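Per chain, numbering begins at 1; letters A, B, ... match sequence-line order. As the structure is a computational prediction, the values presented were derived from the model and not from experiment.
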Amino acid sequence: MVKEAGREDVGVRERVREALFKSARELGLEIERSRIHLERPKELSNGDLSSNIALLTAGLIKSNPLKLAERIVENIPIDPDFIEKVEIAAPGFINFYFSVKYLRDQVLKINRLKGSYGDMDLGKGKKIQIEFVSANPTGPLVLVSARSAAVGNALVNLYKKAGFNVESEYYLNDAGKQVHKLGISLMARFRQSLGESYNFPDDGYPGEYLIGIARQIPEDKGREWLGLESDVGVVKFVDFALERMVESIKKDLESFGVSFDLFFKESALHRSNGEIDQALEIMKEKGKIYENDDALWFRSSDFGDEKDRVVVRSDESPTYFLADAAYHLNKLRRGYDRVIDIFGPDHHGHVQRLKAASAVFGGSKDWLEIITVQWVRLIEDGKEISMSKRAGEYITLNDLVSDVGLDATKFFFLMRKNSAHMDFDLSLARKKSDENPVYYVQYAHARISSVISFAKENNVEFPDNWDCVELLEEQEEMDLIRKLVVFPQLVEGSVLMNDPNRLTTYTREIASYFHSFYHICRIISNDSHLSQARLLLAEATRIVLAESLRLIGVSAPLKM
RNA sequence: GCGCCUGUAGCUCAGCUGGAUAGAGCAACGGACUUCUAAUCCGUAGGUCGCAGGUUCGAAUCCUGCCAGGCGUACCA
């Protein structure tokens with residue numbers, strides 16, 4: 001029932017599209033429904049929805065677009081309670097205006113549906129997995145990972161709202177050379193902690209966090225590990241380091257408000273006759289493997305990759321790529337209808353080869369979608385903060401959150417589209433003032449909450465009879481409602497584009513429209529019916545704002 | 001060299017997958033609080049949408065070629 005209502009909102013375009021389609025067909029115009037494009041004009045004076053159907057088709061029947069538009073409009077079957085006015089504008093647009101009744105009804109609908117407003121069934125329960133962050137557990141989470149975390153988390157929320165059955169996952173690279181280096185680095189730190197003058201390995205991880213972890217190793221244990229044969233001993237250090245690193249990454253993500261259904265360990269794929277072997281076997285069966293220079297190569301270039309990729313090295317060890325391919329074989333077997341990977345920019349070279357592997361394993365063309373989130377630069381007082389991962393000097397997720405706060409961090413990351421390189425302005429994010437867009441939006445929510453409690457104190461209650469919305473007629477009221485009713489489309493659009501940034505922009509617009517309304521229209525006044533009507537509108541705004549913020553993972557404070 | 005991303009107001013960025021007069025925030029300037037939160041509102045100013053072609057009724061958006069920046073281009077992950 002609730003879902004139906006949400007779908008109907010997205011179906012607004014569908015209703016208009018259908019009317020256009022029927023009218024056009026009456027005129028003998030054969031046009032595919034899907035080609036009838038409806039958009040929201042920038043200028044309110046151009047209506048709430050606009051169609052370019054006449055412009056598109058006039059050429060086909062050698063007619064003037066304006067005249068054709070007129071004919072289409074003449075006998076268009078549309079409910080006047082829904083669309084009040086249909087106008088034609090040069091050079092041939094057909095503009096639709098929502099009726100005032102329709103808009104007022106939406107205020108009531110939002111009040112009725114509350115947080116479920118905008119829920120929809122786009123996904124039809126399809127099972128979809130979103131994998132993100134997946135940073136190597138060889139150090140604390142850095143800025144790009146933080147950005148991926150913010151984006152991934154928001155997408156999980158959005159897909160759920162859109163009716164998908166979503167699982168979130170973190171792929172843990174707990175095998176391979178980098179992890180080995182981590183162990184060696186920890187061993188070095190441990191030796192140093194014993195007072196040995198031990199040279200730290202050149203290609204080790206020099207960050208201070210390993211010094212801290214080294215201190216946690218009980219001295220007798222550590223000495224025992226050093227006494228073991230070097231291969232076996234290093235593994236002890238690897239395991240210790242991994243356990244602590246994973247623990248701290250999980251903790252950091254949790255305090256960032258991001259959780260995962262599963263942390264999938266790469267090592268699970270490496271067991272004998274495990275998925276890595278099977279993945280290779282399938283590639284061989286499909287004839288996509290050949291040998292060269294003692295190594296095994298995968299013909300990813302058959303699928304649009306720049307060149308073929310090594311899957312088994314000449315020393316017979318599997319590459320990272322083969323493990324990653326095997327991981328996707330595993331995902332495929334788990335029966336997801338779709339899988340989304342969120343990559344950092346340093347991994348974009350992997351996109352084609354992974355898609356190639358998925359195709360070989362039998363995944364359909366759209367089964368695997370890869371989103372690339374771009375780099376983040378930190379700016380302070382107008383200058384870039386330089387970081388060196390090599391030297392172990394960098395700002396972590398934790399540093400950032402404790403500096404500017406949880407909400408500002410997420411909000412800032414989600415203000416940009418994924419594919420845009422972003423400058424994170426620390427000085428601005430830090431400011432708890434009107435200059436900071438997060439507080440602008442949160443302030444609107446706090447303000448509404450405050451008005452609602454003020455209303456209660458003054459015995460203005462939410463009405464049982466909702467007829468009072470008929471008193472809503474001011475320009476600011478209508479403009480605000482028009483903004484609110486777009487919410488379901490925003491949810492849908494964010495999902496289709498795999499980018500939550502629109503929603504963030506939207507929260508700023510809602511806040512702005514509300515503030516204007518607030519200044520022009522006194523909410524709690526001597527007119528009790530009008531007060532109730534405006535209270536309903538304020539509450540509807542609060543609901544949409546709170547739900548939008550929830551989706552992007554930002555809190556909606558009652559007071560500020 | 002090749003591939004991916006980016007180039008829009010002084011700064012940071014939107015621009016709804018081709019629409020109508022290109023929009024916000026910050027910074028600048030001028031106004032608005034004895035009444036529900038001034039962390040707010042209203043107004044002014046600010047543009048060759050990197051450059052050049054092309055596609056069409058119509059281009060910031062699509063195509064081609066340049067220019068600039070970032071990243072990738074390992075039998076590392």
Side-chain angles (χ1 to χ4, degrees), chain A residues 37 39-43 45-46 50 52 55-56 58-59 65 89-93 95 135-136 138 173 175-179 181 203 266 292-297 305-307 309-315 317 319-321 323-324 344-352 372 374-375 377 379 382 415-425 428 431-437 439-440 442-444 446-455 457-458 460 486 489-490 492-494 496-497 501-502 504-506 508-509 511-512 514-516 518-520 522-525 531 534-535 538 559-560:
Chain A
H37 197 68
E39 68 172 32
R40 211 160 7 108
K42 268 174 269 182
E43 294 286 322
S45 61
N46 287 328
S50 176
N52 60 355
L55 288 160
L56 281 179
F93 291 108
N95 297 332
N136 281 349
T138 51
N173 301 119
K177 291 186 181 176
Q178 298 303 320
V179 173
K181 276 190 209 165
D203 60 348
E266 180 192 342
N292 190 27
D293 292 339
D294 293 330
L296 295 183
W297 296 71
D305 198 4
E306 291 172 61
K307 56 181 184 184
R309 307 289 170 178
V310 171
V311 284
V312 179
R313 303 186 185 95
S314 48
D315 68 359
S317 63
T319 60
Y320 170 82
F321 165 58
D324 213 358
D346 49 339
H347 277 68
H348 75 241
H350 290 239
V351 172
Q352 287 310 320
T372 304
Q374 277 296 342
W375 291 115
R377 290 198 309 168
I379 307 289
M415 279 198 294
R416 308 291 172 248
K417 60 182 171 203
N418 302 328
S419 62
H421 301 237
M422 81 174 272
D423 284 355
F424 193 109
D425 187 338
L428 177 62
K431 281 186 189 163
K432 294 212 169 7
S433 73
D434 55 337
E435 292 167 52
N436 191 330
Y439 298 113
Y440 179 79
Q442 291 186 318
Y443 180 69
R447 196 179 221 184
I448 299 171
S449 304
S450 160
V451 171
I452 290 171
S453 42
F454 178 87
E457 286 160 23
N458 289 273
V460 179
V486 158
Q489 290 166 38
L490 258 295
E492 185 187 35
S494 302
L496 293 178
M497 300 292 285
N501 89 302
R502 281 179 196 196
T504 312
T505 306
Y506 178 67
R508 299 171 74 177
E509 289 172 3
S512 168
F514 176 76
H515 286 313
S516 297
Y518 178 88
H519 269 267
I520 304 291
R522 169 99 200 166
I523 298 174
I524 307 305
S525 65
S531 297
R534 289 182 170 165
L535 197 58
K559 266 187 220 164
M560 279 175 80

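- Both A:Tyr320 and A:Ala444 lie near RNA chain B, and the one whose nearest nucleotide falls closer to the 5' end is A:Ala444.
- Evaluation of the side chain to side chain donor-acceptor pair (under 3.5 Å) rule for A:Ser525 yields A:Ser531 as partners, not counting sequence neighbours.
- Looking at heavy-atom distances under 4.0 Å, A:Lys307 makes contact with sugar-phosphate atoms alone, never a base.
- Distances from the side chain of A:Tyr518 to the nucleotides B:U37, B:C71, B:U40 place B:U37 closest.
- The structure places CD of A:Glu266 at 5.0 Å from CG of A:Asn173, a figure rounded to the nearest 0.5 Å.
- Among B:C13, B:C36, B:G15, the nucleotide with an atom closest to any side-chain atom of A:Arg502 is B:G15.
- Taking 4.0 angstrom as the limit, A:Thr505 places none of its side-chain polar atoms (N or O) nearer than this to OP1 or OP2 of B:A14.
- Heavy-atom minimum distance, A:Phe321 versus A:Val310: CD2-O, 4.1 Å.
- Distance CG (A:Asp423) to C1' (B:G70): 11 Å, rounded to an integer number of Å.
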* Structure fact -> For nucleotides 20-35 of chain B, 5' to 3', base contacts (B), sugar-phosphate-only contacts (S) and non-contacts (-) with protein non-hydrogen atoms under 4.0 Å give B----SSS-------B
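- Comparing B:G25 with B:G15, their C1' atoms sit 15 Å apart, to the nearest whole Å.
- Atom CZ in A:Arg309 sits roughly 10 Å away from atom C1' in B:G72 (whole-Å rounding).
- B:U55 and B:A60 are spaced 16 Å apart, taking the P atom of each and rounding to whole Å.
- Closest heavy-atom contact between A:Thr372 and A:Pro345: CG2-CA, 3.9 Å.
- Rounded to the nearest 0.5 angstrom, A:Gln374 CD and A:Met422 CE are separated by 12.0 Å.
- Between A:Asp346 atom CG and B:C71 atom P there is a gap of 11 Å when expressed in whole angstrom units.
- The side chain of A:Ile524 approaches B:C36 more closely than any other nucleotide in the set B:C13, B:C36, B:A39.
- A gap of 38 Å separates the C1' atoms of B:G58 and B:G1, to the nearest Å.
- Remark: the A:Arg416 side chain and the B:C13 base include no donor-acceptor N/O pair separated by less than 3.5 Å.
- Sequence order on RNA chain B of the closest nucleotides to A:Asn292 and A:Ile520 puts A:Ile520 first from the 5' end.
- The residue A:Phe321 sits apart from the nucleic acid: no heavy atom pair falls under 4.0 Å.
- For the pair A:Asn501/A:Asn418, no side-chain contact is recorded, criterion being any heavy-atom separation below 4.5 Å from C-beta on.
- Separating the NE2 atom of A:His350 from the P atom of B:A77 is a distance of 9 Å, rounded to the nearest angstrom.
- Note on A:His37: a side-chain N or O is less than 4.0 Å away from OP1 or OP2 of B:U17.
- Atom C1' of B:C16 sits at a distance of 15 Å from the matching atom of B:A24, rounded to the whole Å.
- With pairs defined as Watson-Crick or G-U wobble and both atom distances under 3.5 Å, the stems of at least three pairs that touch RNA chain B come out as B:1-7 with B:67-73, B:10-13 with B:23-26, B:28-32 with B:40-44, B:50-54 with B:62-66.
- The gap from the C1' atom of B:G50 to that of B:G70 amounts to 16 Å, rounded to the nearest Å.
- A:Lys181 is not listed as a side-chain neighbour of A:Thr138, based on a closest heavy-atom distance of 4.5 Å or more.
- Put simply, CG on A:Leu56 is 11 Å from C1' on B:G58, counting in whole angstrom units.
- Taking CZ of A:Arg447 as the reference point, atom CZ of A:Phe514 lies at 7.0 Å (rounded to 0.5 Å).
- In this structure, A:His350 NE2 and A:Asp324 CG are separated by 7.5 Å, a value rounded to the nearest 0.5 Å.
- Counting only heavy atoms from C-beta on, A:Leu55 has its side chain closest to B:C57 among B:C75, B:U37, B:C57.
- Distance CD (A:Gln352) to P (B:G72): 18 Å, rounded to an integer number of Å.
- By the salt bridge (charged side-chain N to carboxylate O under 4.0 Å, His left out) test, A:Lys431 is found to be paired with A:Glu435, residues two or more places apart in sequence or in another chain being considered.
- Remark: A:Glu39 pairs with no residue by the salt bridge (charged side-chain N to carboxylate O under 4.0 Å, His left out) rule, at least two apart or across chains.
- In terms of modelled atom types and a separation under 3.5 Å, the side chain of A:Asp423 and the main chain of A:Arg377 share no donor-acceptor contact.
- Comparing B:U6 with B:C13, their C1' atoms are spaced 13 Å from each other, to the whole Å.
- Put simply, the side chain of A:Arg502 never gets that close to the backbone of A:Leu490: no donor and acceptor are under 3.5 Å apart.
- The base of B:G19 lies close enough to the side chain of A:Asn52 for a donor and an acceptor atom to sit less than 3.5 Å apart.
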* **Contact pattern, 5' to 3', of nucleotides 2-9 of chain B - B, S or - by protein heavy atom under 4.0 Å** => -BBBS---
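- Looking at heavy-atom distances under 4.0 Å, A:Pro65 makes no contact with the nucleic acid at all.
- A:Gln489 CD to A:Leu496 CG: the interatomic distance, rounded to the nearest 0.5 Å, is 11.5 Å.
- A:Ser449 has no side-chain polar atom (N or O) that falls below the 4.0 Å cut-off from OP1 or OP2 of B:U37.
- Following rounding to the nearest Å, A:Asn501 (CG) and B:U12 (P) show an atom-to-atom distance of 18 Å.
- Comparing the C1' positions of B:G19 and B:C62 gives a spacing of 14 Å, expressed to the nearest Å.
- To the nearest 0.5 Å, the span separating CD on A:Gln352 from CG on A:Asp305 amounts to 6.0 Å.
- Comparing the same atom, C1', in B:G46 and in B:C36 gives a spacing of 36 Å after rounding to whole Å.
- If you check distances only, the side chain of A:Ser516 never reaches the base of B:C41 with a donor-acceptor pair under 3.5 Å.
- Applying the 90° criterion around 0 to the glycosidic angle, B:C33 comes out syn.
- One can place CG of A:Asp324 at 10 Å from C1' of B:A77, the figure rounded to the nearest angstrom.
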